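Written out below as structure tokens is the structure these notes cover.
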Amino acid sequence: SGSLVFKDGSKTDGQAPYHLIISAEGMTSNLRTEYAGRNVRSMTQLSTGMSSLGGMKSNGGGVSSELREEWEEDVQAEINTIEDRGYTVFRGNSPLTDEEAQMDGISFQTWGVGRSMRFAAVGMSTPSPSGGGDAESQVWFATTNDRSIAAIEDPAERREKLADHFRTWHDPVARLIESTPSQDILVERGVAHRHSTKPVFDLAAIIEHERRVEERAKAKERGQEYREPPKPVDHDGPGPVLIFVGDASMTVDPVLAQGFTIGMEAAADLAQTLQQCSGPEYAVDVSESSEEDSGPQTLLFDPDRLRFKLKERHRRRYGRMMALLRATELVQALAQPSGPFSSFLSRWLIRPAMQLTPNFAKKSMFDFMLRYSLGLTAGGDNNIVEMTRKSKQV
């Protein structure tokens with residue numbers, strides 16, 4: 001056990017043992033920045049004097065502790081890198097009905113040529129707060145690499161500039177922008193993590209590693225020799241599991257508009273995983289490991305089963321995330337090509353071919369891409385059904 005220190009200075013109970021920490025702090029998660037990609041046991045040491053990464057040499061065989069720590073810091077920095085995807089996203093909810101927008105019940109996404117311009121709209125129907133039927137609206141997003149629009153501080157002026165930016169596009173693009181209340185249009189830069197991150201299953205060892213690094217640095221400042229302790233002194237066992245959920249796990253490129261979706265999926269999947277480890281049938285007596293005068297203590301979950309199920313969950317979520325990332329990169333390359341050669345191919349080959357392709361074929365290709373990004377192809381449906389069936393049996 002140990003204490004978590006929060007931003008306001010408050011701490012958790014340092015005496016009460018806990019087995020799971022959930023990080024849902026968003027893209028700039030402090031826990032992700034501090035602990036993701038810091039597996040201190042992952043370095044392979046070779047007797048030839050060369051490490052398995054980067055060709056780093058040691059003095060006399062194997063890899064020195066200094067080189068090992070430097071390598072881990074590089075990996076951690078890479079894991080937490082946030083990339084600018086080269087465009088700004090504007091999101092809004094137009095109050096126009098389907099009839100007023102003349103969309104005929106059709107959702108669409110239109111890709112521009114150059115300037116990272118893209119526009120999409122989806123009709124929505126929600127219960128009216130005042131009663132008397134459902135209220136219709138059109139949810140839309142627009143992208144562009146023109147930073148001057150986002151720099152405009154006045155919301156009304158910014159909306160007008162954005163509408164002018166798309167003025168030559170087909171109806172109802174400009175009308176949807178202009179009909180949306182200016183103060184309700186969200187503006188954000190298109191950014192994403194370069195990598196997803198896995199759960200941390202050896203948090204105690206990482207904290208111990210950081211403590212030793214700090215003590216070694218202090219000893220060096222004092223001109224003293226630092227001697228490694230024979231064994232960890234601050235923990236007994238791997239420590240709690242650190243799980244990342246939502247943008248803390250990975251902020252994805254918004255090109256497929258699935259960031260909120262995967263966040264909800266991850267939270268629901270985590271809740272389902274915890275249910276599979278909790279309940280009277282999984283209760284564990286921990287009285288022997290507690291203080292003598294504390295009386296009998298029982299956990300209403302199995303810690304070993306919890307760790308096993310969380311590792312199983314990570315493997316399942318990893319497959320889903322990889323499908324989304326592959327689809328994202330493909331759509332991004334087609335919709336917003338970078339470089340003269342890819343732009344030439346997109347403008348003079350791919351897009352003319354798409355224009356000649358019948359709508360039913362384009363719909364089939366687009367539907368497949370969405371299903372793939374959701375992890376629902378190549379047996380994905382069966383896997384999801386099987387996962388749901390097993391969770392109901394547990």
Side-chain angles (χ1 to χ4, degrees), residues 20-43 53 71-87 89 188-203 205-206 238 240-274 306-333 369-380 383-384 387:
L20 177 65
I21 301 172
I22 301 173
S23 170
E25 309 159 274
M27 180 176 64
T28 58
S29 164
N30 290 326
L31 289 173
R32 188 190 209 274
T33 302
E34 184 71 21
Y35 297 113
R38 301 208 47 183
N39 189 340
V40 298
R41 298 188 182 94
S42 62
M43 186 62 178
L53 181 67
W71 178 77
E72 288 166 351
E73 295 296 335
D74 289 345
V75 171
Q76 185 195 22
E78 174 69 15
I79 286 291
N80 288 288
T81 297
I82 297 176
E83 292 183 325
D84 189 306
R85 303 295 287 181
Y87 61 89
V89 186
E188 61 180 344
R189 190 66 185 168
V191 296
H193 280 120
R194 183 177 294 172
H195 303 282
S196 64
T197 184
K198 63 181 181 180
V200 178
F201 290 100
D202 56 350
L203 185 60
I206 294 175
V241 179
L242 174 57
I243 291 285
F244 303 97
V245 175
D247 283 351
S249 175
M250 184 174 190
T251 302
V252 297
D253 189 306
V255 66
L256 290 178
Q258 288 194 33
F260 183 70
T261 300
I262 61 174
M264 293 179 63
E265 284 180 9
D269 195 9
L270 178 58
Q272 185 181 87
T273 300
L274 296 180
L306 173 65
R307 298 181 73 87
F308 173 79
K309 285 294 182 180
L310 288 174
K311 290 180 180 180
E312 191 177 69
R313 171 188 177 273
H314 169 64
R315 290 191 293 269
R316 185 169 63 246
R317 296 297 304 165
Y318 180 80
R320 158 73 168 100
M321 184 64 72
M322 288 304 299
L324 172 60
L325 295 181
R326 293 189 190 105
T328 294
E329 291 301 320
L330 177 59
V331 172
Q332 180 73 357
M369 180 63 67
L370 284 182
R371 288 177 60 80
Y372 179 82
S373 71
L374 292 167
L376 298 178
T377 59
N383 292 336
I384 291 176
M387 181 187 71

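Numbering of residues begins at 1 and proceeds along the displayed sequence. Because the structure is predicted, anything quoted here is derived from the model rather than measured.
Within the 4.5 Å cutoff, side-chain heavy atoms of R32 are placed close to those of I79. Between P240 and L20 there is no side-chain heavy-atom pair separated by less than 4.5 Å. Proximity of V241 to K311: side-chain heavy atoms (C-beta onward) are nowhere separated by under 4.5 Å. Using a 4.5 Å cut-off on side-chain heavy atoms (C-beta onward), T328 and V252 make no contact. Using a 4.5 Å cut-off on side-chain heavy atoms (C-beta onward), H195 and E78 make contact. I262 is not listed as a side-chain neighbour of M250, based on a closest heavy-atom distance of 4.5 Å or more. Within the 4.5 Å cutoff, the side chain of R307 has heavy atoms near those of the P238 side chain. Counting only heavy atoms from C-beta outward, the side chains of L270 and L310 approach each other to under 4.5 Å.
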Next item on the list: Take Y35 and T197 through the side-chain contact (heavy atoms from CB on, under 4.5 Å) test and state the conclusion after the steps.
Entry: CA-CA 10 Å; Y35 297 113; T197 184; over 6 Å; no
Next item on the list: Evaluate the criterion salt bridge (Lys or Arg N to Asp or Glu O under 4.0 Å) for residue pair E83 and R189; output intermediate values, then yes/no.
Entry: CA-CA 10 Å; E83 292 183 325; R189 190 66 185 168; over 6 Å; no
Next item on the list: Could you check R313 against I243 for side-chain contact (heavy atoms from CB on, under 4.5 Å), going step by step and ending with a plain yes or no?
Entry: CA-CA 11 Å; R313 171 188 177 273; I243 291 285; 4.0 Å; yes
Item checked: Test log, rule side-chain contact (heavy atoms from CB on, under 4.5 Å), inputs L374 and Q258 -> CA-CA 9 Å; L374 292 167; Q258 288 194 33; 3.5 Å; yes
Next item on the list: Let me see the working for T273 and R316 under side-chain contact (heavy atoms from CB on, under 4.5 Å), right down to the final yes or no.
Entry: CA-CA 11 Å; T273 300; R316 185 169 63 246; 3.8 Å; yes
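Taken from CZ in R320 to CG in L325, the straight-line distance is 9.5 Å, to the nearest 0.5 Å. Going from atom CG of L274 over to atom CG of L306 covers 6.5 Å, rounded to the nearest 0.5 Å. In this structure, CG in L242 is found 10.0 Å from CD1 in I22, a value given to the nearest 0.5 Å. Atom-to-atom distance recorded for S249:OG and H314:NE2 is 8.5 Å, nearest 0.5 angstrom.
Around the CE atom of M264, the shell of radius 6.0 Å holds no more than 12 heavy atoms that belong to other residues, nucleotides or ligands.
At distances below 3.5 Å, at least one donor-acceptor pair connects side-chain atoms of T251 with backbone N or O atoms of D247. Proximity of a side-chain donor or acceptor of R326 to a complementary backbone N or O of M321 within less than 3.5 Å is not detected.
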